[in-house]
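Here the structure is a predicted model, which means the values were calculated and not measured. Counting convention: from 1, in listed order, for ligands and their atoms alike.
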Amino acid sequence: MSETHHSKALILGSGPAGYTAAIYAARASMEPILVKGLQPGGQLTITTEVENYPGFAEAVQGPDLMIAMTEQAKNVGTIMFDDTIIEADLSKRPFVLKGDSGTKYTGDTLIICTGASARWLGLKSEKKYMGFGVSACATCDGFFFREKAVAVIGGGNTAVEEAIYLTNHASKVTLIHRRNELRAEKILQKRALENPKIQILWDSVLDEVLGDSNPPGVSGIRVKNVKTGDTSELKLDGVFIAIGHNPNTELFQGQVKMDNENYILTKPGTTQTNVPGVFAAGDVQDKIFRQAVTAAGTGCMAALEVEKFIAEFAATIKAAE
Ligand code: FAD
Ligand code: NAP
């Protein structure tokens with residue numbers, strides 16, 4: 001028979017938002033349950049140096065920062081599960097989440113901190129060579145391209161950081177951006193522009209990934225200039241797609257209000273969704289800042305709002321008795 005675990009404060013996701021919510025909820029004696037999901041530690045586990053999370057004079061490694069957050073949440077009393085939620089019912093309280101393991105998790109309140117996942121271009125050839133030279137994670141796969149030529153698609157912080165990181169392994173990195181100006185922070189732009197291994201192809205998009213079938217692998221790419229329409233081919237071994245992220249909100253489609261890009265809508269200045277008792281924190285509800293520190297900040301807000309919600313809920317029940 002499947003198990004059921006109940007908490008006053010159920011937290012979904014183990015990125016900076018989830019762990020911060022857990023730390024605050026545990027310290028408020030709410031005995032939170034946190035379900036970690038497929039990416040324990042969240043997005044920062046796939047990066048290297050984090051230079052802008054306060055408290056570290058020397059850059060901290062993303063995975064190390066997330067281990068520290070896990071330990072902190074555990075030490076203050078968070079109950080954690082290595083499970084991924086595949087079904088959610090928010091139609092009545094307690095809210096019910098069903099895990100991939102068959103376990104059920106119920107909560108008087110729910111804090112959704114499911115973050116975001118890499119966006120893909122949607123090319124058939126991109127899908128065909130995924131794992132065979134096409135990747136969305138330089139820190140995971142960069143090692144396979146030692147002394148080889150690679151391309152990175154995108155112009156934001158992720159793309160520029162990935163391009164810089166890849167120069168540790170690859171012989172040459174071509175950064176391909178659809179405009180003639182990078183979106184990334186100035187400090188990262190400067191580092192990329194000064195790096196002799198990085199070449200930037202402006203006003204260009206990836207038109208097709210070219211490759212071999214036997215054995216399967218990327219052999220090059222076709223690139224299109226968006227201003228002239230001209231196409232050209234580059235010989236290389238790997239392509240890293242870094243064009244942003246989509247919020248992980250599929251589970252809650254039709255159950256909580258979202259915007260047209262599927263980010264969960266919260267009442268301004270709060271983490272409250274349109275469902276009383278359901279809160280959302282971190283990248284899942286933030287398409288503007290999307291930083292570890294803002295995710296942690298909204299995680300804190302959510303836990304404080306949960307505490308208030310539970311106190312008011314208890315008072316309503318008492319008054320009705
Ligand atoms: P995430 O970190 O996205 O975590 C989401 C969590 O939800 C994961 O644990 C996942 O397993 C869980 N989850 C999802 N679906 C389910 C489910 N169905 N069931 C259970 N759990 C689920 N920000 C900075 O401030 N500084 C940086 O230097 C920086 N570098 C970055 C480098 C890269 C390569 C990337 C991709 C991002 C970087 N960011 C950086 C952004 C930062 O990582 C995010 O803003 C932050 O991680 C968001 O935290 P979060 O808690 O909202 O969600
Ligand atoms: P992002 O900031 O949304 O940038 C996405 C980039 O991809 C943009 O340059 C965009 O071009 C391009 N792009 C989007 N769709 C495309 C398409 N279909 N074809 C070609 N190019 C496309 O995403 P991100 O870089 O992943 O960053 C996400 C968040 O995490 C940001 O808030 C970022 O600050 C944060 N982050 C922070 C750090 C750090 O602080 N060091 C590191 C990584 C990420 P346009 O510019 O033309 O829109």
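The six-membered or imidazole ring of Phe240 lies near that of Phe145, with a centre-to-centre distance under 6.0 Å.
Residue contacts with ligand 1 for His245 involve side-chain atoms from C-beta outward but no N, CA, C or O (heavy atoms, distance under 4.0 Å).
From the protein, the heavy atom lying nearest to atom 3 (O) of ligand 1 is Gln43 NE2, 2.8 Å. In terms of protein heavy atoms, atom 44 (C) of ligand 1 is closest to Asp283 OD2, 3.4 Å. At the shortest separation from atom 23 (O) of ligand 2 among protein heavy atoms lies Gly244 CA, 3.4 Å. Counting protein heavy atoms only, atom 26 (N) of ligand 1 is closest to Asn52 OD1, 2.8 Å. At the top of the distance list for atom 49 (O) of ligand 1, counting protein heavy atoms only, stands Pro16 CD, 3.2 Å.
The nearest non-hydrogen atom to atom 7 (O) of ligand 2, considering only Leu123, Thr158, Ile243, Asp286, comes from Ile243.
Counting the atoms of ligand 2 from 1 in the order shown, those under 4.0 Å from a heavy atom of Glu161 are 39 (C), 41 (N), 42 (C), 43 (C). Residue His177 approaches ligand 2 through these ligand atoms, each under 4.0 Å from one of its heavy atoms: 9 (O), 11 (O), 45 (P), 46 (O), 47 (O).
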Full working for salt bridge (charged side-chain N to carboxylate O under 4.0 Å, His left out) between Lys224 and Asp207: CA-CA 6 Å; Lys224 187 168 153 190; Asp207 197 39; 5.0 Å; no

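Not one N or O of Ile153 is nearer than 3.5 Å to an N or O of ligand 2, by distance alone.
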